[in-house]
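When a ligand or atom number is given, it counts from 1 through the structure's own listing order.
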Amino acid sequence: MKISENTRLLALRAEKELADIFYEIDEVARFRTERLLDIYKENRVSEGLFAASTGYGYGDRGRDTIDKIAAEVMGAPAGFMRPSILCGTHAIAIGLFALLRPGDVMLSITGSPYDTLHSVVGMDRADGSGSLVDFGVEYAQVPLGADGGIDFEGVAAAFERYKGRIKVVFLQRSKGYVDRKTLSVKEIGEAAAFAHSHLENEHYVVLDNCYGEFCEKSEPCSVGVDLMIGSLIKNPGGGLADIGGYLVGSERAVELAGYRLSCPGVGLEVGASLGQNRNLLRGLFYAPHTTAQALKTAHLCAYIFGELGYTVNPSPFEKRYDIIQTVHLESPEGLVEFCRGIQSASPVDAFVSPEPWEMPGYDDNVVMAAGAFVGGSSIELSADGPMRAPYIAFMQGGLTYESSRLAVMAAADRCGKR
Ligand SMILES: *Cc1c(COP(=O)(O)O)cnc(C)c1O
C-alpha cells in the first residue's frame, strides 16, 4: 500500500497520544466480554444450539437461547435477536407498531428520528402507506437543547400539552446522519427517569440504540428504557451476523413486540432460524471486541484529520458513546477523496473508486465507501456523506483496527495538507 512516510509517522504519534484512551476502550471490551462469557456459560451454549430449524421452527432451542442471551447481555428482563428482522429500520418499526394504538401520541425527545424512520412514522401526514400516522397515531417531537442534550423544559411542556395520551417517548442514542451530540447511557437514564416520574398514564420509553451497543460498560435498559432496539449489521452483530436485529426490554414491551414480529397469538414461538444461530452467537461474542476496533479507528481518524486542519466531531480525546466519526471536508473533492481513500484499503472492492450518486430518499447526491463482506454492513469500515456544504463525511466501523488504520491513513494522504 502506498502511504506517505509523513502520514505513517502521524499515525504513530496519534497512537502514542491516544494510548490512555485505547486502554480505556480495551477495558470496556474486557468487562463486556467477561460478562458475556458468564452469560454464555449460564445458558449452556453448545454445538447443539447451532442446528438449523425450518418451517415453523417450533422448539428451536438455539433461537430461544439466543433471545434470552440477547436480553441478558443488554441488561434487560426480556428480548429477542432474530435473523427474521431485516434491518434496523424494520426492527424499530416492529417496536413502534407493537406499542402504539390509534389516538396515542409518539413523542420523540431527541428531535427528528433517523431518516429512514420518517416514512415509518409518517411524521405529519397520512399518505396511505400504512405508516403510524396513517393508523391514527399522532407524532410530535422536541428538538435537542442548545447544549446538545435533552431539553427537559421543552419535554415537560410537551408532556403537559399531550397529557394522558403519550404512549411512547422515543429517543435516538446516536447522532445518525446529523452532526449532533450522541447521548451517554447516563443521559438516557436521566431522560427515562424524567418520563417515568412525569407521565401518569401507561407509557414506554423506546430507544433507537443503533451504533451505541458495547461502547460503554452497560446498556440503557439498566437505567429505565422499556424497549431498546438495534441492528445486527452494526455493533451487536460483531461483523459476523449476516442479517438480523434485536429488541430487548420489559416483559410486556417484548411480548407485544413479539406479536408484531409474527402476529398476535403466535409471538416468539415461531421462526425458523435457517442456520443463522451460529453466526448470531459468534457475532455477539465478537461484538465487544469489534466495537472496540471501531472506536479506536474513530479516535485515530479524529486525531489525524484534526492535525490536518479539519473540523472533526467528536474531537480526538472526547469520550465516545457511539462509533460514528464526522470529518468536515469542506469541498466536494475533499469528501469524494476521503471516501476513495477509505475504499482503497477495504478488504472487499478495494479496486473500485466511489462516485457521488443519486440515492432514493436523499435530496442531494451521496458518495459512499463500503468495502464490506456483508452487504451494507456499517460495523465494517464505511464512510459516506451527502454532497452539500460543509461536505461532511460520516465514517464508522472497522472489523480490525490494523486494517482500518490503513484506510484512515490512505484517506489522509488523499486529503493532504490544506
Ligand atoms: C442505521 C440506523 C438506523 C436504521 O438502520 P438500517 O439498518 O439502516 O435500517 C436507525 N437509526 C440509527 C441511529 C441508525 O444509525
Side-chain angles (χ1 to χ4, degrees), residues 81-97 106 108-121 123 131-132 141 143-144 148 168 170-185 187-188 191 206-215 219-220 225 227-239 241-248 261 280 283 287 290-291 294-295 298 313-314 320-326 359-362 366 368-370 372 374-386 392-398:
M81 178 177 267
R82 302 235 175 158
S84 51
I85 297 171
L86 306 178
C87 61
T89 308
H90 184 209
I92 296 164
I94 289 167
L96 294 174
F97 275 95
M106 167 183 172
S108 168
I109 62 170
T110 50
S112 184
Y114 190 75
D115 302 47
T116 56
L117 291 171
H118 293 194
S119 309
V120 172
V121 173
M123 305 299 268
S131 67
L132 286 166
Q141 65 186 36
L144 289 170
V168 164
F170 183 81
L171 294 95
Q172 180 181 310
R173 179 172 178 178
S174 157
K175 59 174 65 61
Y177 289 113
V178 180
D179 204 14
R180 57 159 255 209
K181 197 174 93 138
T182 293
L183 300 177
S184 65
V185 171
E187 288 166 301
I188 293 164
V206 177
L207 176 72
D208 172 355
N209 200 33
C210 283
Y211 286 136
E213 300 90 354
F214 298 101
C215 290
E219 299 291 338
V225 168
L227 192 61
M228 182 174 107
I229 308 169
S231 159
L232 296 192
I233 59 172
K234 294 180 180 173
N235 310 14
D242 288 329
I243 190 171
Y246 74 88
L247 292 92
V248 300
L261 172 73
L280 263 53
T290 308
T291 303
L295 285 168
N313 180 26
R320 310 294 164 118
Y321 305 113
D322 69 12
I323 62 171
I324 301 175
Q325 180 65 47
T326 69
M359 295 272 300
Y362 292 86
V366 176
M368 290 194 172
V374 170
S377 169
S378 49
I379 184 61
E380 301 186 50
L381 187 64
S382 49
D384 41 69
I392 301 177
F394 292 82
M395 187 207 79
Q396 61 275 314

Could you pull out every donor-acceptor pair under 3.5 Å between side chains of residues 83-93 and any protein atom, sequence neighbours left out?
residue	atom	partner	partner atom	Å
T89	OG1	T116	OG1	2.8
H90	ND1	L86	N	3.0

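Between the side chain of E380 and the backbone N or O of V374, at least one donor-acceptor pair lies under 3.5 Å. A distance-only check finds no donor-acceptor pair linking the side chain of Q141 to the backbone of I109 [under 3.5 Å].
In this structure D208 satisfies the salt bridge (charged side-chain N to carboxylate O under 4.0 Å, His left out) test with no other residue, sequence neighbours excluded. Applying the side-chain hydrogen bond (donor to acceptor under 3.5 Å, both in side chains) rule to Y114 yields no partners; only residues at least two apart in sequence or on another chain are considered.
Under the 3.5 Å distance criterion, with hydrogens and angles disregarded, no donor-acceptor pair is assigned to the side chains of E187 and Y321.
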Report each N/O pair between ligand 1 and the protein that falls under 3.5 Å, naming both atoms.
residue	atom	partner	partner atom	Å
ligand 1	7 (O)	G88	N	2.7
ligand 1	9 (O)	G88	N	3.4
ligand 1	9 (O)	T89	N	2.8
ligand 1	9 (O)	T89	OG1	2.5
ligand 1	11 (N)	D208	OD1	3.4
ligand 1	11 (N)	D208	OD2	2.5
ligand 1	15 (O)	K234	NZ	2.8

